[in-house]
Amino acid sequence: MKQSTLFGRTLRDAPSDATTPGTQLMLRAAIARPLAAGLYTWLPLGFRVAEKVEQIVREEQNRIGAQEMEMPVLTPAEPWKETGRWESLEPITFRTADHNGREFMVSYTHEEFVHLHAKQEIQSYRQLPAIVYHFQSKGRDEARPRAGLLRVREFVMKDAYTFDADQAGLEKSYEAEHGAYARTFARMGLDAISVESDTGAMGGDVAHEFQVLTEVGEDRIAICTNCDYRANLEKATRKIAPQRSPDAIPAPTPVATPGTTSIEALEKALGLPASAFLKTLLLRTKDGVVAVVLPGDREANEPKQDTHLRDVVPGRDFGGERVDVHDVREGDACPRCGGRLEIKRGVEVGNIFAYGTYYSTKLDATFLAEDGTRRPFVGGSYGIGIGRSVQTIIETHHDERGIIWPPSVAPFHVHLIALPSSDPDVRAKSEALVAALEREHVEVLYDDRDESAGVKFADADLIGIPLRVTVSKRTLKEDKVELKPRARADAELLPQGDAAGRIAAIVRGWPDLPEMGNR
RNA sequence: CGGGGUGUAGCGCAGUUGGCAGCGCGCAGCGUUCGGGACGCUGAGGCCGUGAGUUCAAGUCUCACCACCCCGACCA
């Protein structure tokens with residue numbers, strides 16, 4: 001590929017609204033361009049990366065026996081209505097209707113439809129377990145897209161769906177996907193950790209997110225410094241210190257607190273720490289209004305009342321259901337081992353979710369079991385955001401000059417720089433080397449532009465292809481070419497004659513490369 | 001959805017009390033350069049986000065709207 005014809009130019013300055021380092025580099029290196037808020041176009045360089053990320057995901061799904069298929073972007077309303085999601089997803093989905101008024105949703109996910117297919121294609125327990133997956137665009141009407149490709153309104157997601165005959169089967173499939181995810185992210189150079197996550201409003205039993213810890217992440221993860229407990233803050237809990245015995249505390253007495261409507265004000269007025277207070281929040285839920293009582297130092301809402309009670313002990317002085325609805329913070333005790341919890345930011349690059357028979361019972365998706373009864377499929381779904389993964393790779397693989405792609409996902413293997421490209425000899429030798437490398441299936445971006453050395457090197461550092469090969473008048477004088485890995489500071493000179501072979505050997509030695517075929 | 005910010009050339013920005021719309025980079029042509037974002041000369045490129053209003057005169061003042069970004073809320 002000649003760089004002079006590349007569609008997409010590098011930018012010396014990042015647009016001023018690009019805030020994260022990765023977003024700035026993504027734009028500067030011509031990976032993708034914004035089209036509207038939360039909508040991005042992959043430029044050729046970025047598209048190549050996205051395809052490699054996809055291919056790695058594909059290979060790891062195939063490895064566990066998952067079968068690739070594809071379901072449409074536009075989905076009919078009726079199945080969504082059967083599961084109740086047509087209504088519940090209303091605020092965050094794009095909808096449309098055809099000319100006859102039939103309603104559609106831009107696919108948000110595909111549980112409903114894959115279940116309908118499973119119902120048709122799988123008749124017997126003998127056909128189970130089954131795992132299918134596809135790569136498909138998802139639409140989400142995010143109120144606030146942010147940070148380049150990290151949070152967008154349309155993105156390609158790999159989503160896989162497992163179908164099993166029973167809970168034990170589901171657990172096996174879930175484990176298989178969990179392992180596939182670990183291999184997938186490791187291959188693309190992402191240090192993703194698996195954390196316990198909230199199963200959402202859908203109920204369900206078990207869910208994990210694969211999180212890459214980075215400052216630009218929008219999720220907060222509680223991590224135990226002592227054991228392997230790791231959970232999204234949405235799900236995280238803590239060990240609560242035992243309470244003092246109620247017997248030591250006198251009966252509650254009213255304390256006048258006119259105008260004191262916040263815990264902060266109470267701390268000042270009564271000279272006690274926030275943790276000494278209880279506060280009540282009224283939450284409007286679909287089942288009516290619910291009162292929640294929390295320790296005063298958790299959350300920041302303001303109960304509106306001008307009298308407070310002193311010496312109140314939960315259980316003794318009031319009743320109610322004990323539920324875990326408070327937040328967890330840095331320094332809290334690990335619920336598992338009592339160790340210290342740290343809070344870190346992370347990007348959720350993937351999630352896996354065992355929902356059991358939630359969808360199959362609603363959609364009447366059943367199979368004939370060994371004992372002759374009809375049973376609902378026991379399922380799970382498993383997502384990986386492709387664009388978000390690419391952006392996260394950039395966020396975690398760069399230096400002050402530019403991107404440093406892991407070889408497995410780099411847009412090209414070699415960036416070959418002719419210096420100067422106006423020199424006929426340099427040009428001829430460069431093109432011969434490009435041809436020799438391509439014969440060895442090495443992917444080469446050939447900088448044939450009539451630019452100064454500074455511009456070419458700066459672009460090479462910015463674009464971040466793993467190997468930089470320089471063919472110049474200077475190196476040719478010694479009958480050599482220069483090889484410099486992007487990730488290292490030092491370069492070496494290779495004899496021109498076996499440069500192609502040496503470089504191809506390095507590329508073949510890289511682990512984790514996806515099988516892209518000839519390109 | 002609440003709060004804040006920004007809209008001027010492809011990108012980064014300046015534009016004074018309202019008085020001919022500018023700079024740097026990039027782009028085109030010519031020439032000199034050629035190992036870390038070279039230099040000279042010449043040039044192209046603008047619905048100043050949109051619409052009303054005030055004024056002799058609006059990039060600049062007023063109002064409304066739109067878009068984008070940031071914080072929060074919401075959300076796989």
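Computed from a predicted structure; not experimentally measured.
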Using a heavy-atom cut-off of 4.0 Å across all strands, would you classify A:Asp423 as base, sugar-phosphate, or nothing? nothing
Is A:Arg488 paired with A:Asp490 through a side-chain N to carboxylate O contact shorter than 4.0 Å? yes
Spatial distance of atom OH (A:Tyr229) from atom CG (A:Leu341) [nearest 0.5 Å]: 7.0 Å
Pairing partner (Watson-Crick or G-U wobble, both distances under 3.5 angstrom) of B:C1: B:G72
Per the under-4.0 Å heavy-atom filter, residues of residues 468-487 of chain A near RNA chain B come out as A:Arg468, A:Thr470, A:Ser472, A:Arg474, A:Thr475, A:Glu482
Taking the P atom in each of B:C48 and B:A21, what is the distance between them to the nearest angstrom? 11 Å
Under a 3.5 Å cut-off for both distances, is B:C27 Watson-Crick or wobble paired, and to whom? B:G43
First encountered from the 5' end of RNA chain B, between A:Leu419 and A:Tyr108: A:Leu419
Contact class for A:Ala147 vs. all strands (heavy atom < 4.0 Å): base, sugar-phosphate, or nothing? sugar-phosphate
Would you mind classifying the nucleic acid contact of A:Ala143 as base, sugar-phosphate or nothing, using non-hydrogen atoms under 4.0 angstrom? base
What pairs of nitrogen or oxygen atoms, one from the protein and one from nucleotides 39-45 of chain B, lie under 3.5 Å apart?
none

Measuring from A:Gln136:CD to A:Asp159:CG, what's the distance to the nearest 0.5 Å? 8.5 Å
Identified pairing partner of B:U6, criterion: Watson-Crick or G-U wobble below 3.5 Å: B:A67
Contact class for A:Arg28 (heavy atom, under 4.0 Å): base, sugar-phosphate, or nothing? base
Describe the nucleic acid contact of A:Ala18 in one word from base, sugar-phosphate, nothing, applying a heavy-atom distance below 4.0 Å. nothing
Which is more 5' along RNA chain B, the nucleotide nearest A:His208 or the one nearest A:Ser421? Just name the residue. A:Ser421
Select base, sugar-phosphate, or nothing to describe what A:Arg401 touches, counting heavy atoms under 4.0 Å on all strands. base
Would you mind checking if A:Lys344 and A:Glu342 are paired as a salt bridge, meaning a charged N to carboxylate O distance below 4.0 Å? yes
When the P atoms of B:C69 and B:A52 are compared, how many Å lie between them, rounded to an integer? 28 Å
Quick check: are there more than 12 heavy atoms from other residues, nucleotides or ligands sitting under 6.0 Å from CD of A:Glu87? no
Taking the minimum atom-to-atom distance to the side chain of A:Leu462, which one of B:C70, B:G37, B:G35 wins? B:G37
Taking only side-chain N and O atoms of A:Arg12, does any of them lie within less than 4.0 angstrom of OP1 or OP2 on B:G26? yes
What nucleic acid atoms does A:Asp461 come within less than 4.0 Å of, heavy atoms only: base, sugar-phosphate, or nothing? base
For a quick check of understanding: with a heavy-atom distance under 4.0 Å over all strands, which category does A:Ala458 fall into, base, sugar-phosphate or nothing? base
If we ignore angles and hydrogens, is there a donor and acceptor under 3.5 Å between the side chains of A:His115 and A:Tyr161? no
Considering only side-chain heavy atoms of A:Arg146, which listed nucleotide, B:G36, B:C70, B:G26, is closest? B:C70
Side chain of A:Arg144 only, heavy atoms from C-beta on: which candidate in B:A73, B:C69, B:G35 is closest? B:A73
Of the nucleotides B:G37, B:C11, B:C68, which has the atom closest to the A:Ala37 side chain? B:C68
Nearest-0.5 Å distance that lies between atom CD1 in A:Ile403 and atom CG in A:Asp461: 11.5 Å
Checking all strands, does A:Ser422 fall into the base, sugar-phosphate, or nothing category for heavy-atom contacts under 4.0 angstrom? base
From B:C69, B:C11, B:G35, nucleotide with atom closest to A:Pro15 side chain: B:C11
Give none if B:G19 has no partner; otherwise give the nucleotide forming a Watson-Crick or G-U wobble pair with it, both distances under 3.5 Å. B:C56
Can you tell me how far the CG atom of A:Leu74 sits from the OG1 atom of A:Thr96, to the nearest 0.5 Å? 7.0 Å
For A:Phe377, check ring pair (Phe, Tyr, Trp, His ring centres under 6.0 Å) against everything at least two apart and list the hits. A:Phe163, A:Phe367
